Amino acid sequence: WTLLAAEDKRRANLAVAEELVNLLESVTTKEKDAATLEAETKAKENSATQGDENAYVDERKRTPEENEQLLLAAQERVRLAELEAPQASEFTIQPNYPRLEEVNHTLSLSREDYKRELKEQQKILNKLELEMYIHRVPMMIMYEGWDAAGKGGSIKRVAQALDARSYTIFTSPAPTKIELAHPFLWRYWTKTPAKGRIAVFDRSWYRSVQVDRFDGLTREDKLGDAYQDILSFEKQLCDDGTVIMKFFLYIDKDEQKKRFKKLEGSKETSWRVTEEDWNRNKDFDRYLKMNEEMLEKTDTDYAPWVIIEAVDKDYAALKIVSTVMDRLEYELEHRRPEDEKTAQRQESKTRERFKNGVLSGIDLSKSLTEEEYKTRLKKLQKRLAELHSELYRLRIPVVIGFEGWDAGGKGGAIKRLTSNLDPRGYRVNPTAAPNDIEKVHHYLWRFWNSVPKAGHIAIFDRTWYGRVM
């Protein structure tokens, strides 16, 4: 956060421009790290106020001594906070996560038993799906696993039990150029279901730590960030009431090879087997370890993995249908009015420097002369235009968020910020109360739809922080 004293709008506009110039220069030059830039900023602030005994007098009529004490206390909190190591997001991983080497490949079901049980469970599932719609519960069903493990057939069996108007099925092929120009979760955030609807994913957001990792598209040093992004994505959706079911369909190497050859033997299905599929089969053990690691790091109590023994396709389809049915019964039992309980949420751990009182300590007496303002603004706007072009060349996306008091000058600051930018390269997103469509999605859904693609700027006049403000 960058806090601005907005009584003098000229100074506020200039501060926004200066902050943006510093930020964009840091991401385009790579010559200075974040710590160096922060140290330089503090040095400038200290030198700007040194010797000015009235620098911290605010409208609340505090004495200079009182304001000096507030400032020293705030600086001490900053110092202590910076000494602490950064805290990573904490997610509870299940200790008994499913292990692929323990899968029993001999499980099977007779054709007669399969047909009888499938029909019964599909009938129950249809009733449960209707009740989920009545209770406005969104659900995401996700399929991962080996190629040719039978994901398509299993999806078909589940879909047969559902109202065709209630679900949408998404495939996850290699990302398009537009999708590559956004954060990798963007294409999944924009497909999250509305309340009461179901989204089914044939392959999913785990592609980045599976296929892309195997192909070398996801670097090993970026895996930790990818896992944290995935866990955060699922946690946010589950906290908002979405039911997430994750199935991993498993077959052994020999069974996969046999199915590949069968598919290649027919003109109608040969296109489904690619060179990349055969490469993963040949290097089966390495790919197996990657999937084992994925299961270990992402099996949570709110979005657990379910391993499907998929050598017998009938057994696999029935297990998935029955698992979905059991999960829906569980969720509905805990969501019916008589059983509702207030969710216990942990308080967010905020940095010590942003405890209550930091806003009241801002110096509101700072101002600029008209001449100084115009001179410095013109120079900064010119530099912003140059950096905007450089951002596009380097394909760096930028998000700028404005919050603050009503009538604090956000509109004027945005106007001056964008006056010299190429209008094709930025978009201003005013944030009002959510409309009817936005209300039935996760509250971040509407903001993810406005995330900029690489090389572009998204400016938000009011942001996702409205939820807590």
Side-chain angles (χ1 to χ4, degrees), residues 89-94 128-142 162 166-170 172 182-201 204-206 226-247 298-306 324 327-337 339-350 399 401 403 429 431-451 460 462-469:
S89 300
E90 296 180 359
F91 301 95
T92 303
I93 305 300
Q94 299 288 72
L128 291 171
E129 182 262 327
L130 177 59
E131 192 170 352
M132 291 283 282
Y133 177 79
I134 293 172
H135 286 273
R136 312 299 284 170
V137 178
M139 182 166 62
M140 297 169 70
I141 304 175
M142 183 267 288
L162 305 177
S166 69
Y167 66 86
T168 306
I169 298 175
F170 301 102
S172 297
H182 289 83
F184 85 95
L185 283 171
W186 174 79
R187 63 168 172 164
Y188 299 107
W189 264 111
T190 56
K191 296 179 176 67
T192 53
K195 289 179 172 61
R197 289 190 57 83
I198 300 171
V200 181
F201 292 89
S204 68
W205 44 96
Y206 284 95
Y227 281 127
Q228 287 294 316
D229 287 344
I230 288 170
L231 290 169
S232 178
F233 171 63
E234 293 177 354
K235 186 68 164 61
Q236 290 177 72
L237 290 169
C238 290
D239 284 349
D240 195 54
T242 300
V243 176
I244 297 180
M245 303 193 66
K246 303 187 299 191
F247 294 108
T298 59
D299 186 58
T300 59
D301 55 348
Y302 51 86
W305 281 101
V306 178
V324 173
R327 179 68 182 276
L328 293 189
E329 287 180 335
Y330 171 84
E331 293 292 340
L332 288 168
E333 183 65 25
H334 287 74
R335 292 172 192 247
R336 291 184 179 108
D339 293 325
E340 286 181 351
K341 298 179 181 179
T342 303
Q344 297 180 351
R345 301 177 184 272
Q346 294 182 344
E347 287 189 14
S348 299
K349 296 181 179 179
T350 57
V399 174
E403 286 289 358
N429 303 283
T431 302
N435 59 37
D436 291 341
I437 295 177
E438 293 165 344
K439 284 180 180 178
V440 297
H441 285 86
H442 188 281
Y443 80 97
L444 287 175
W445 177 80
R446 61 172 173 159
F447 297 107
W448 271 99
N449 276 281
S450 299
V451 167
F460 291 89
R462 297 290 191 186
T463 69
W464 41 96
Y465 285 98
R467 186 176 176 89
V468 295
M469 292 174 62

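Here the structure is a predicted model, which is why all the values come from computation and not from measurement.
With sequence neighbours left out, the side chain to side chain contact (heavy atoms under 4.5 Å, CB included) criterion links I134 to L130. In this structure, the side-chain hydrogen bond (donor to acceptor under 3.5 Å, both in side chains) partners of Q236, at least two apart in sequence or on a different chain, are S232. When the salt bridge (charged side-chain N to carboxylate O under 4.0 Å, His left out) test is applied to R327, the partners found at least two apart in sequence or on another chain are E331. Remark: F170 engages T168, K191, A199, F201 in a side chain to side chain contact (heavy atoms under 4.5 Å, CB included) (not counting sequence neighbours). Partners of Y330 by side chain to side chain contact (heavy atoms under 4.5 Å, CB included), not counting sequence neighbours, listed by chain and number: H334. For R136, the salt bridge (charged side-chain N to carboxylate O under 4.0 Å, His left out) criterion is met by no residue, not counting sequence neighbours. Listed by chain and number, the residues in a side-chain hydrogen bond (donor to acceptor under 3.5 Å, both in side chains) with W305 are T298 (sequence neighbours excluded). The side-chain hydrogen bond (donor to acceptor under 3.5 Å, both in side chains) check on W205 picks up E234, with sequence neighbours excluded. Applying the side-chain hydrogen bond (donor to acceptor under 3.5 Å, both in side chains) rule to S450 yields no partners; only residues at least two apart in sequence or on another chain are considered. Every ring-ring contact (aromatic ring centres under 6.0 Å, His included) that W189 has, sequence neighbours left out, goes to F233, H442, W448.
Using bins of under 30°, 30° to 60° and over 60° for the plane-to-plane angle, the ring pair W186/H182 lands in the parallel bin.
The two residues P138 and A194 make their nearest non-hydrogen contact at CB-O, 3.5 Å. For the pair N449 and W445, the tightest heavy-atom approach, listed with the atom from each and the gap, is ND2-O, 2.8 Å.
Using a distance-only test at 3.5 Å, with no hydrogens or angles considered, a donor-acceptor pair links the side chain of Y188 to the main chain of S204.
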For M140 and L237, run side-chain contact (heavy atoms from CB on, under 4.5 Å): C-alpha distance rounded to whole Å, both residues' side-chain angles, the deciding distance at 0.1 Å, then the answer.
CA-CA 10 Å; M140 297 169 70; L237 290 169; 3.7 Å; yes
Would M139 and T242 satisfy side-chain contact (heavy atoms from CB on, under 4.5 Å), going step by step from the backbone distance to the final call?
CA-CA 5 Å; M139 182 166 62; T242 300; 5.8 Å; no
Could you walk me through whether D229 and F184 pass the side-chain contact (heavy atoms from CB on, under 4.5 Å) test, one step at a time?
CA-CA 9 Å; D229 287 344; F184 85 95; 3.9 Å; yes
Could you go through the side-chain contact (heavy atoms from CB on, under 4.5 Å) check for V399 and F447 one step at a time?
CA-CA 11 Å; V399 174; F447 297 107; over 6 Å; no
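With hydrogens and angles left out, the side-chain atoms of Y206 and K246 include a donor and acceptor closer than 3.5 Å.
Put simply, CD on E329 and CD on E131 are 9.5 Å apart, with the number rounded to the nearest 0.5 Å. The distance from the CZ atom of R197 to the CD atom of E129 is 9.5 Å, given to the nearest 0.5 Å. Atom CZ of R462 sits about 15.0 Å away from atom CG of N429, to the nearest 0.5 Å. Atom CG of L444 and atom CH2 of W464 lie 9.0 Å apart (nearest 0.5 Å). Here the OG1 atom belonging to T192 is positioned 9.0 Å from the CG atom belonging to D240, to the nearest 0.5 angstrom.
Side-chain contact between L128 and L332 is present, with at least one heavy-atom pair separated by less than 4.5 Å.
Residue pairs meeting the salt bridge (Lys or Arg N to Asp or Glu O under 4.0 Å) criterion with at least one partner in residues 434-451, sequence neighbours excluded, are E438-R446.
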